[in-house]
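One structure is given here, and the rest of the page talks about it.
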Amino acid sequence: RIPPLHVCARMEFNMQDNDGGTPEQLRVDALTQAAQATLKKDGDTAVQLWVKCCALSRIIFGDAHVELARCHIELASVYLELKGFWEQSLSHAVKGRDILLLVEKHVTSHDTRLLALYHNSWASCTIGRALMMCDQLKEAGASLRDAELMCTECGKIISCSYSGPSPRADGNDDSTHPHIVTMVTVARLEEDIACALARLSFKQNNYELAGRYFTKAVDHHISHHGNSSEGLIVLLQELARVCPHHSSSHLMKYASPPCPLLMPSFRQKATARIIQLLLRRCLLPWISAN
């Protein structure tokens, strides 16, 4: 009887001269290095390392495991965000989603089911963003709405029946651990999905919906990163671009204390051009009218 492909791959790996250690040891090292390269926005290195993670995960876990799916989705995100290659991103995101469909057929563990649902939402979000880059807006919208529904379901599962890990005594954030899905990780994904849906709505000239989604993304960002994050500048700038087309009401909630635009820490990080853009387009007309 011919053994499964991942068993054959492991046998071939073991026959090679691998001074670096077992596949498990090599995978741990590759995951750490890949995460570091991604944080440093070193696209070429990150791609190489996530490809290595995919190969080692397949050797260790086989063709139907959430860890293999995660590595493909990580690779898809790197291709999209750091390289701008939507075709490669789409290919790996779809591959990750297909693997998760196999996983969901056999999963019995509550934690694994939650992991699969979370990563499926992440894959769908990445697919939607990749499709937006090639102007397949209808298909992108369907994928992003699927991602939104699955992400919302993740939040409900955690809040209702999953206590999650207790806070660490040293104050470090466990939410970045790949085997842990918390409200923090879900909220980060919700922000990404809301941003993608807002940009899609703007492309489709649905400015009211774009404003609502950008407002949702800003609220998520402030709640988890505070009001001095550089990422907040970009979100408010995009929100300001939406408001002149329809209504400035979405931005007005940030015009009164504690307004991120008026906070000293925010002013220090924001450029004068962005502040002037926000004030000129939205805040000053609103103040004059009131």
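Predicted, not measured: the structure shown is a model, and the values here were computed from it. Along the sequence shown, residues are numbered consecutively beginning with 1.
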When rounded to the nearest 0.5 angstrom, what distance separates [atom1] in [X] from [atom2] in [Y]?
X	Y	atom1	atom2	result
Lys156	Leu117	NZ	CG	11.5 Å
His110	Thr112	NE2	OG1	10.5 Å
Cys71	Leu49	SG	CG	11.0 Å
Leu197	Arg129	CG	CZ	11.5 Å
Thr126	Ile193	OG1	CD1	9.0 Å
Asn206	Glu208	CG	CD	8.0 Å

hydrophobic_cluster_shared for [Y] and [X], side chain cutoff 4.5 Å:
X	Y	answer
Leu137	Leu131	no
Met150	Val181	yes
Trp86	Val94	yes
Leu31	Ile73	no

Run His119 and Val103 through side-chain contact (heavy atoms from CB on, under 4.5 Å) and show every step you take.
CA-CA 11 Å; His119 285 96; Val103 171; over 6 Å; no
If I compare all heavy atoms of [X] with all of [Y], which pair ends up nearest, and what's the gap?
X	Y	result
Cys195	Leu235	SG-CD2, 3.3 Å
Gly84	Met133	O-CE, 3.6 Å
Leu80	Ala130	CD1-CA, 3.9 Å
Ala194	Tyr213	O-CB, 3.5 Å
Ile99	Ala64	CG2-CA, 4.2 Å
Ala93	Ile127	CB-CG1, 3.5 Å

Any idea how Trp122 and Tyr118 line up, ring-wise: parallel (<30°), tilted (30 to 60°), or perpendicular (>60°)?
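Tilted, since the angle between the ring planes falls between 30° and 60°.
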Quiz prompt | Parallel, tilted or perpendicular, as decided by the 30° and 60° cut-offs, for the rings of His72 and His92 | solution =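 Ring orientation of His92 relative to His72: parallel.
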Next on the checklist: Walk me through whether Lys83 and Asp44 qualify under side-chain contact (heavy atoms from CB on, under 4.5 Å).
Outcome noted: CA-CA 8 Å; Lys83 302 292 291 180; Asp44 292 334; 2.4 Å; yes
Flag for [Y]-[X]: side-chain donor and acceptor within less than 3.5 Å:
X	Y	value
Thr38	Trp50	yes
Ser124	Arg97	no
Glu74	Tyr79	no

**Message:** Val51: which residues meet the side chain to side chain contact (heavy atoms under 4.5 Å, CB included) condition with it, sequence neighbours left out?
**Reply:**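 If we apply the side chain to side chain contact (heavy atoms under 4.5 Å, CB included) test to Val51, skipping adjacent residues, the hits are Val47, Leu75.
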Please examine the side chains of [Y] and [X], heavy atoms only from C-beta on, and report whether any two atoms are closer than 4.5 Å.
X	Y	value
Leu200	Phe202	no
Val66	Leu100	yes
Ser57	Arg27	yes
Asp63	Leu102	no

Please confirm whether the backbone N or O of [Y] pairs with a side-chain atom of [X], one donor and one acceptor, at under 3.5 Å?
X	Y	result
Ser121	Ala147	yes
Ser223	His220	yes
Ser159	Gly155	yes

- Item | Steps toward salt bridge (Lys or Arg N to Asp or Glu O under 4.0 Å) verdict (Glu238, Arg199) | CA-CA 9 Å; Glu238 291 192 89; Arg199 289 162 186 155; 2.6 Å; yes
- Could you walk me through whether Leu144 and Glu148 pass side-chain contact (heavy atoms from CB on, under 4.5 Å), step by step? CA-CA 6 Å; Leu144 289 170; Glu148 184 180 33; over 6 Å; no
Set of residues satisfying side chain to side chain donor-acceptor pair (under 3.5 Å) with respect to Asp42, sequence neighbours excluded:
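Here the qualifying residues are Thr45.
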Please determine whether a side-chain nitrogen of the Lys or Arg among Glu191 and Lys216 lies less than 4.0 Å from a carboxylate oxygen of the Asp or Glu.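 Salt bridge absent between Glu191 and Lys216.
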For this session: May I ask you to decide whether Glu67 forms a salt bridge with Arg70, counting only side-chain N to carboxylate O separations under 4.0 Å?
Result: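 Between Arg70 and Glu67 there is a salt bridge, with a charged N closer than 4.0 Å to a carboxylate O.
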Q) Take atom NZ in Lys41; do more than 12 heavy atoms of anything else shown fall under 6.0 Å from it? A)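 12 or below, so no.
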